[in-house]
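What follows is a set of notes on a single structure, which appears directly below.
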Amino acid sequence: MKFGENGGISAFSDSEKCELVSGPLLLMESLTSASDEYFHLATTLENLKPRYVIMYDADIQFVRQVEVFKACNPGHPLRVYFLLYDSSVEEQKYLSSLRKEKEAFERLIRERSQMVIPVDREGRVIDSSMGRKTNEMDEPNTRKGGGRDDKETPKIIVDVRDLRSTLPSLIHKKGMEIIPLTLEVGDYILTPDTCVERKSVSDLIGSLNSGRLYSQATAMTRHYKKPVLLIEFSESKSFSLQSPSAMHSEISSQSVSSKLVLLTLHFPKLRIIWSQSPYATAEIFEALKSGQPEPDPSIAISVGAESLNDVQGLIYSPIGQDMLLKMPGINSKNFKTLMDKVKNLQDLIRLSEQELERLLGNDSNAHLLWTFLHSDLESQIATKTFNKIN
């Protein structure tokens with residue numbers, strides 16, 4: 001072997017003589033970042049089998065090639081030196097490449113842990129944290145009556161539009177069964193009474209600005225006893241909705257926290273859950289389902305669907321219904337009849353107390369509504385103040 005004109009190593013020709021070198025041999029190899037150079041470096045290391053490698057330019061890919069050579073030759077002594085100044089730009093560049101490599105492997109491991117592997121796929125392992133086998137199907141215990149396990153697998157109904165996220169796969173890894181359906185109300189149905197609307201921080205801000213969250217909260221509180229708004233953060237970001245400097249003591253139309261406060265005041269039944277990551281959300285769902293009845297898919301898919309086919313759902317907006325329900329004497333049993341017979345608020349005010357009694361079917365409700373619509377505001381305030389004093 002000898003030096004070539006470009007600094008590489010070339011073979012001797014047949015006419016040239018080869019002599020043994022008694023002293024140490026120093027070879028200089030110039031390499032670039034081309035893909036063929038990696039193979040050339042591996043071949044050079046295998047042919048020369050050096051004991052010392054001095055790197056003038058620290059390249060992470062070349063370092064890994066040297067590590068592979070050492071792993072393939074464990075009995076061969078090898079030392080690697082770097083010619084770098086302390087706290088230099090070259091040193092920081094090398095450390096930055098090491099950090100990027102570490103982050104890439106961590107991201108790969110994290111993505112691998114979130115993947116849903118089919119049951120018949122090879123390579124499934126036993127996950128002790130979930131207490132169930134993932135390398136083969138759970139066989140029923142035939143020693144029990146009926147030949148099957150008494151413990152029912154927990155079920156969660158998931159909107160098919162939310163299957164693109166990582167949360168359904170994490171829920172599946174927790175040992176819960178996923179039932180994908182097209183839901184009109186909510187994203188996740190945990191129990192017959194619990195409906196969850198899942199929002200990321202960016203989606204939450206957009207829904208608050210557009211008013212879409214108001215409609216979603218209205219539908220959840222109307223059809224479920226326990227509506228839940230889940231605000232899910234990202235692992236790579238801080239677990240806070242706003243910085244402390246952005247918090248104001250006064251309510252502002254531009255503040256996200258102010259809009260959330262107004263949302264909770266308007267919907268007292270709405271519960272807000274803060275989740276630090278999708279992993280935490282899966283654990284929260286598991287805790288909420290503990291000891292609770294399972295949801296019915298046929299009922300979940302029908303919730304909200306009747307409003308699309310109902311004539312009233314097409315004619316009357318939820319905002320108008322909510323305004324009527326806030327009036328005294330109007331409840332969930334008589335507001336539909338009133339909206340069918342009365343066109344607008346002006347016609348409602350013109351109705352007499354007897355006409356309201358025929359529409360509402362109750363004289364006390366008619367009297368409360370008629371008094372509310374025809375009494376002077378100042379007299380109502382004075383009456384309430386007098387009642388409080390007494």
Side-chain angles (χ1 to χ4, degrees), residues 184-186 193-195 197 207-229 250-253 255 257-272 302-390:
E184 297 295 337
V185 179
D193 298 332
T194 307
C195 174
E197 181 70 29
S207 300
L208 286 173
N209 294 333
S210 63
R212 182 168 173 264
L213 185 57
Y214 177 87
S215 302
Q216 293 172 337
T218 302
M220 286 195 299
T221 53
R222 183 172 298 167
H223 296 94
Y224 290 95
K225 296 180 180 179
K226 300 177 182 178
V228 177
L229 172 62
E250 299 180 356
I251 296 178
S252 173
S253 60
S255 175
S257 58
S258 299
K259 293 179 181 179
L260 280 178
V261 171
L262 294 176
L263 185 70
T264 54
L265 290 175
H266 192 82
F267 301 100
K269 292 170 53 179
L270 184 64
R271 298 294 180 263
I272 298 180
S302 62
V303 169
E306 67 275 3
S307 62
L308 299 177
N309 300 324
D310 192 6
V311 177
Q312 293 177 347
L314 294 174
I315 297 177
Y316 307 118
S317 65
I319 300 177
Q321 298 178 20
D322 292 339
M323 185 185 68
L324 278 179
L325 290 173
K326 294 286 190 296
M327 296 183 180
I330 299 179
N331 51 44
S332 58
K333 297 181 180 179
N334 56 25
F335 83 96
K336 290 186 178 180
T337 304
L338 190 63
M339 295 185 73
D340 290 338
K341 301 297 182 179
V342 181
K343 294 182 179 180
N344 49 43
L345 187 60
Q346 184 178 5
D347 292 344
L348 178 63
I349 297 175
R350 292 176 179 175
L351 294 177
S352 63
E353 187 172 350
Q354 291 74 19
E355 292 174 335
L356 288 176
E357 183 179 351
R358 287 195 300 268
L359 292 177
L360 299 179
N362 187 287
D363 54 349
S364 60
N365 291 337
H367 178 71
L368 289 174
L369 180 59
W370 189 88
T371 305
F372 172 77
L373 294 175
H374 295 82
S375 298
D376 188 15
L377 180 61
E378 294 182 356
S379 62
Q380 291 186 21
I381 295 176
T383 303
K384 292 182 179 180
T385 305
F386 179 76
N387 292 333
K388 288 182 180 180
I389 296 174
N390 294 337

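In this text the structure is predicted, and so the values were computed from the model without any measurement.
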**Report entry** Value rounded to 0.5 Å, distance of CZ in R222 from CZ in F267
**Finding:** 9.0 Å
Query raised in the report: Given L263 and I272, is the side chain to side chain contact (heavy atoms under 4.5 Å, CB included) satisfied, shown in steps?
Result: CA-CA 10 Å; L263 185 70; I272 298 180; 5.5 Å; no
**Report entry** Which atom of K269 lies closest to which atom of T221, heavy atoms considered
**Finding:** NZ-O, 3.3 Å
Report summary line: What one should report as the nearest heavy-atom pair of P227 and M220 is CB-CB, 3.7 Å
Query raised in the report: Taking it one step at a time, do L368 and I330 satisfy side chain to side chain contact (heavy atoms under 4.5 Å, CB included)?
Result: CA-CA 9 Å; L368 289 174; I330 299 179; over 6 Å; no
Requested in this report: Taking all non-hydrogen atoms of both residues into account, name the closest pair between C195 and G186 and its distance.
Outcome: SG-CA, 3.5 Å
Report task. Walk me through it: do E353 and T371 pass the test side chain to side chain contact (heavy atoms under 4.5 Å, CB included)? Result -> CA-CA 9 Å; E353 187 172 350; T371 305; 6.0 Å; no
Report task. Write down the atom of L356, the atom of W370, and the distance for their closest heavy-atom approach. Result -> CD1-CB, 3.8 Å
Query - Side chain proximity check, L369 to M327, heavy atoms < 4.5 angstrom - result: yes
Query raised in the report: Is there a side chain to side chain contact (heavy atoms under 4.5 Å, CB included) between D193 and Y224 once you walk through the steps?
Result: CA-CA 5 Å; D193 298 332; Y224 290 95; 5.7 Å; no
Report task. Search all heavy atoms of Q346 against all heavy atoms of R350 and return the closest pair with its distance. Result -> NE2-NH2, 2.5 Å
Query raised in the report: At what distance, to the nearest 0.5 angstrom, does CD of Q354 lie from CG of D363?
Result: 11.0 Å
Report summary line: One should read off an interatomic distance between L348 CG and M339 CE, to the nearest 0.5 angstrom, of 11.0 Å
Report summary line: Of all heavy-atom pairs linking L270 and L229, the shortest is CD1-N, 4.0 Å
Query raised in the report: Does V185 offer a backbone N or O that forms a donor-acceptor pair with the side chain of H223 under 3.5 Å?
Result: no
Query raised in the report: Counting distance only, does the side-chain N/O of R271 pair as donor-acceptor with the main-chain N or O of P268 below 3.5 Å?
Result: yes
